[in-house]
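This structure is a prediction, so every number in the text was calculated from the model and none was measured. Just so it is clear, the values below take in all heavy atoms, side chains as well, and ignore hydrogens, waters and symmetry mates. Atoms within a ligand are numbered from 1 in the order they appear, just like the ligands themselves.
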Amino acid sequence: MHLHKYEKIWLIFGVSSLILFLTILGVSAFAMGHHPPSHMHTVDPQNLNNDPMFSNPGLEQIDDTTYRATIIGQAFGYSPSVIEVPVGSTVEFHVTSADVVHSFTIPGTNVNFMLTPGHVNMSVHTFHEPGEYLVICNEYCGTGHHHMQMRIEVTP
Ligand code: CUA
């Protein structure tokens, strides 16, 4: 196949633009998807009972569609073990560990982060589909690791 000179130039220009565009897209997606976990707020994992944020873990409504869920992970479960929000809700998860490293993972979503004792680990997710979402631990944490889970009920 023989391409006319100008066709070649336009082809190269087109391909270069596409590559440039994809690079920009990739770089910005990478940057957005890799927010460092919030390590600004530290807590004493030995003393969560007296922590203003974690002494009473659970769900708090912030506005019409936004909730803050404060959750403690420990061998081998989460506290609370169930939370319930209406469909369409955006939930800010603020999670810490009372003992060792765990994870807070909701399969099928982008929520998947490590729970490190002493830190408040965060993620945000909007639940667009009603149903029961399982939260599981993805970091091996001991004999009960495979049973470590909680539920998020998203009501229609
Ligand atoms: Cu907690 Cu594995």
message: For N/O/S atoms only: which one belongs to His102 and is nearest atom 1 (Cu) of ligand 1?
response: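 The atom in question is ND1.
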query: Does a donor on one side chain and an acceptor on the other come within less than 3.5 Å for Asn112 and Thr105?
result: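 Yes, a side-chain donor-acceptor pair sits under 3.5 Å.
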message: What I want to check is whether the side chains of Asn121 and Thr116 have a donor and an acceptor closer together than 3.5 Å.
response: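 Looking only at side-chain atoms, Thr116 and Asn121 do form a donor-acceptor pair, the distance falling under 3.5 Å.
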query: For the atom pair CD1 (Ile72) and CG (Leu48), what is the distance rounded to the nearest 0.5 Å?
result: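 The CD1 atom of Ile72 sits 4.5 Å away from the CG atom of Leu48.
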message: As an exercise, state the distance from SG of Cys137 to NE2 of His102, rounded to the nearest 0.5 Å.
response: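 With rounding to 0.5 Å, SG (Cys137) is 6.0 Å from NE2 (His102).
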- prompt: Between atom 1 (Cu) of ligand 1 and Ser103, is there an N, O or S atom separated by less than 2.8 Å?
  reply: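 It does not; every qualifying atom lies at 2.8 Å or beyond.
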message: Need the atom name: nearest N/O/S atom of His145 to atom 2 (Cu) of ligand 1.
response: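 Closest to atom 2 (Cu) of ligand 1 among those atoms: ND1.
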query: With respect to atom 2 (Cu) of ligand 1, what is the nearest N, O or S atom of Glu139?
result: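 Closest to atom 2 (Cu) of ligand 1 among those atoms: O.
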- prompt: atom 2 (Cu) of ligand 1 to Cys137: any N/O/S contact under 2.8 Å?
  reply: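 Coordinating: yes.
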Residue of the set Arg68, Met122, His125 for which side-chain contact (heavy atoms from CB on, under 4.5 Å) holds with Phe93: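 For Phe93, the side-chain contact (heavy atoms from CB on, under 4.5 Å) check succeeds only for His125.
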